[in-house]
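Since the structure comes first, as structure tokens, the remarks are kept for the end.
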Amino acid sequence: RIGEPDRIVVIGGGISGLSSAFYLQREAERLGKDIRLTIVDGASALGGKINTLQRDGFVIEKGPDSFLARKLAIIDLATELGLSDELTTTNPGAKKTYILHRKKLHPMPAGLVLGVPTEMKPFLKSGLVSWGGKLRALMDLALPARKVQGDESLGGFLERRVGSQIMTQIAEPLLAGIYAGDLRKLSIQATFPQFAASERKHGSLIRGMQHNRKAGAAALPAVAKGGTFLTFKGGLTTVVKALDKALSGADRKLGVKVAEIRDERRVAVKREGQSSEAGVQEKARYTVVLENGEQLPADRIVMTAPAHDAADLLEPLTDVSELRAIHYVSVANVVMAFDKATFGLDFDGSGFLVPRSEGLSITACTWTSSKWLHTSPGDKVLLRCYVGRAGDEEKAKLPDEELIAAVRHDIEVTMGIKAEPLFTEITRLYRSMPQYPVGHLDNVKRLRARLAQELPGVWVTGAAFDGVGLPDCVRQGKEAAKAILAEA
Ligand code: FAD
């Protein structure tokens, strides 16, 4: 279609879809290519999992609440969108995080990096792990590296290097915030490749993480040095709104799902038998059919829907077993607001994590008003409790009253909080946390190679593929834009 713009349909208006669209627009401008963008989302608003609620002076995140400062893609995006001044970091006075162990809150020892001890003194002093567990962890410094290359489970790796106590008492509850997963089923290469690289390069996980910690801190720009996490003062929807504005030239179809993707070349060949290519060349290669019957011609498609939705749409056209292999865990979160005067507790940190072995319904509790000062009026307290993880998802589906009762029970037994909340906000996120299985990276390569061959111009990206964190999704959006326009 010489002289005509390339019609690109982005399926999904979460951070991955919006970043893909933003960078497609940028990249097309840079390359002098003419494109016409349409963003489709089944939800009535853009943002996907990002969902900030402003209520009674509180800034409440119902989905993600912040992002890792050391992964720079989202900071770069914020800068490009003119949002640098909107960034804010965690309260420097609330650095401590606790872990529940035998019904008591223990401070996480200093120097723990993703659950791996990098400073020995505080680790050896901690009451979180027994002496046997500590000695087992230190064996990592002497154990030989695994000879076999290739993927393995994150849990298997951690048990092999630092033992099962570190795995179950510290690493799993810590990493549950990211994957809500069973570490024995998650791929190490797709989740924490730096762990495997530490063993390979330094012969020890602890030594490798000590080295990374020093090297990583030195390389960070100033904005990322202030704290581990960042967010926007007005909540994460700030970036969604800015992307929406920057994409004002793109069409959008909101509140209507994609029902089908048709490969017109196949249809044409089927209908016309020996039909010449010339007869169908003028048409777009694909038609994206919406559930209201509307048909969008598409030369290219960026698919950012969760793997199971993407699989439903692509299955009639190709093998989608790699997408079906990505399971999702359902979680819920319960936000509670209180009057400080009746709350009865002063926080000196950002919250606590709950290992499975403690037998509670909550997996973590963020002391939001203490961790993020911009989220609450000064005379109020805001808590956010997380429910549901792999193997324990039913609790996330409890009816409201039972869910609230379970959470209130847990905050009473852990912190002694009996105060009546001013209000409660429940968010259930069914099938929301993708679990990368062992072999995931090879699966993704195989899937993309098959798509390039069988469905050229269809690019799959987003949280299901190469990182679930917001910065990873932004990075992938940028990569998607490059990949798609390189094909054009
Ligand atoms: P989504 O946001 O899921 O967007 C996909 C979109 O596709 C959806 O809007 C959906 O409506 C749409 N869609 C699906 N099917 C169709 C269809 N057929 N037609 C049209 N549209 C369709 N990350 C962090 O970095 N920091 C955090 O603090 C953090 N906390 C989290 C807390 C929770 C509870 C959860 C669930 C995740 C958290 N994450 C966090 C991860 C991060 O929020 C997600 O990985 C990220 O937002 C996913 O973005 P996405 O665009 O890939 O997918």
Side-chain angles (χ1 to χ4, degrees), residues 9-21 38-52 61-71 73-74 90 176-181 228-231 235-237 239-240 243 252-261 288-292 294 296 301-314 326 328-335 363-364 366 368 371-372 384-389 396 426-434 436 460-477 480:
V9 174
V10 178
I11 301 179
I15 190 71
S16 300
L18 292 174
S19 307
S20 302
T38 306
I39 304 166
V40 187
D41 200 306
S44 54
L46 293 172
K49 304 236 159 35
I50 298 177
N51 183 2
T52 311
E61 298 289 3
K62 292 169 84 68
D65 76 346
S66 57
F67 48 86
L68 268 177
R70 69 181 161 80
K71 294 191 169 184
I74 193 165
T90 38
I178 311 174
Y179 295 100
T228 309
F229 297 101
L230 291 171
T231 189
L236 286 167
T237 44
V239 72
V240 174
L243 282 165
R252 52 216 71 197
K253 307 279 172 192
L254 298 180
V256 57
K257 281 182 111 175
V258 173
E260 186 193 350
I261 296 173
V288 174
V289 184
L290 308 187
E291 44 175 25
N292 62 6
E294 196 176 343
L296 308 174
I301 294 172
V302 186
M303 169 67 81
T304 72
H308 40 91
D309 293 314
D312 290 346
L313 292 172
L314 295 172
I326 306 165
Y328 280 68
V329 169
S330 298
V331 295
N333 59 72
V334 179
V335 171
T363 59
T366 303
T368 308
K371 182 174 180 181
W372 298 105
R384 182 174 174 181
C385 295
Y386 295 79
V387 177
R389 58 179 135 206
I426 296 177
T427 314
R428 292 191 180 73
L429 295 119
Y430 293 119
R431 297 177 85 188
S432 59
M433 313 281 267
Y436 299 159
V460 286
T461 190
F465 297 95
D466 188 20
V468 300
L470 298 171
D472 299 303
C473 293
V474 173
R475 174 183 44 79
Q476 293 180 77

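Order of listing sets the numbers, starting from 1, for every ligand and every atom in it. The figures here come from the full heavy-atom set of this structure, side chains too, leaving out hydrogens, waters and symmetry mates. Because the structure is a prediction, the values reported are computed rather than measured.
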Taking only residues two or more places apart in sequence, or in another chain, which ones meet Ser16 in a side-chain contact (heavy atoms from CB on, under 4.5 Å)? Thr304, Cys473
Residue list, salt bridge (Lys or Arg N to Asp or Glu O under 4.0 Å) with Lys253, at least two apart or on another chain: Glu294
Pairwise, report which nitrogen or oxygen atoms of ligand 1 are under 3.5 angstrom from protein nitrogen or oxygen atoms, and how far apart they are.
| unit_1 | atom_1 | unit_2 | atom_2 | d |
| --- | --- | --- | --- | --- |
| ligand 1 | 2 (O) | Lys49 | N | 2.9 |
| ligand 1 | 3 (O) | Lys49 | NZ | 2.6 |
| ligand 1 | 9 (O) | Asp41 | OD1 | 3.2 |
| ligand 1 | 9 (O) | Asp41 | OD2 | 2.6 |
| ligand 1 | 11 (O) | Asp41 | OD1 | 2.7 |
| ligand 1 | 18 (N) | Val258 | O | 3.2 |
| ligand 1 | 19 (N) | Val258 | N | 2.9 |
| ligand 1 | 21 (N) | Gly42 | N | 3.2 |
| ligand 1 | 25 (O) | Leu470 | N | 2.7 |
| ligand 1 | 26 (N) | Ser66 | O | 2.6 |
| ligand 1 | 28 (O) | Asp65 | N | 3.1 |
| ligand 1 | 28 (O) | Asp65 | OD1 | 3.3 |
| ligand 1 | 28 (O) | Ser66 | O | 3.3 |
| ligand 1 | 45 (O) | Val468 | O | 2.5 |
| ligand 1 | 51 (O) | Ile15 | N | 3.2 |
| ligand 1 | 51 (O) | Ser16 | N | 2.9 |
| ligand 1 | 51 (O) | Ser16 | OG | 3.3 |
| ligand 1 | 52 (O) | Ser16 | OG | 2.7 |
| ligand 1 | 52 (O) | Ala463 | N | 3.1 |

Taken in chain and number order and not counting sequence neighbours, the residues that satisfy salt bridge (Lys or Arg N to Asp or Glu O under 4.0 Å) with Arg252 are Asp244
Ile261 and Ile11: CA distance, side-chain angles, deciding distance, side chain to side chain contact (heavy atoms under 4.5 Å, CB included) verdict: CA-CA 11 Å; Ile261 296 173; Ile11 301 179; 4.0 Å; yes
How long is the gap from CD1 on Ile15 to CD1 on Ile74, to the nearest 0.5 Å? 5.0 Å
Kindly compute the distance separating OG (Ser19) from CZ (Arg475), expressed to the nearest 0.5 Å. 11.0 Å
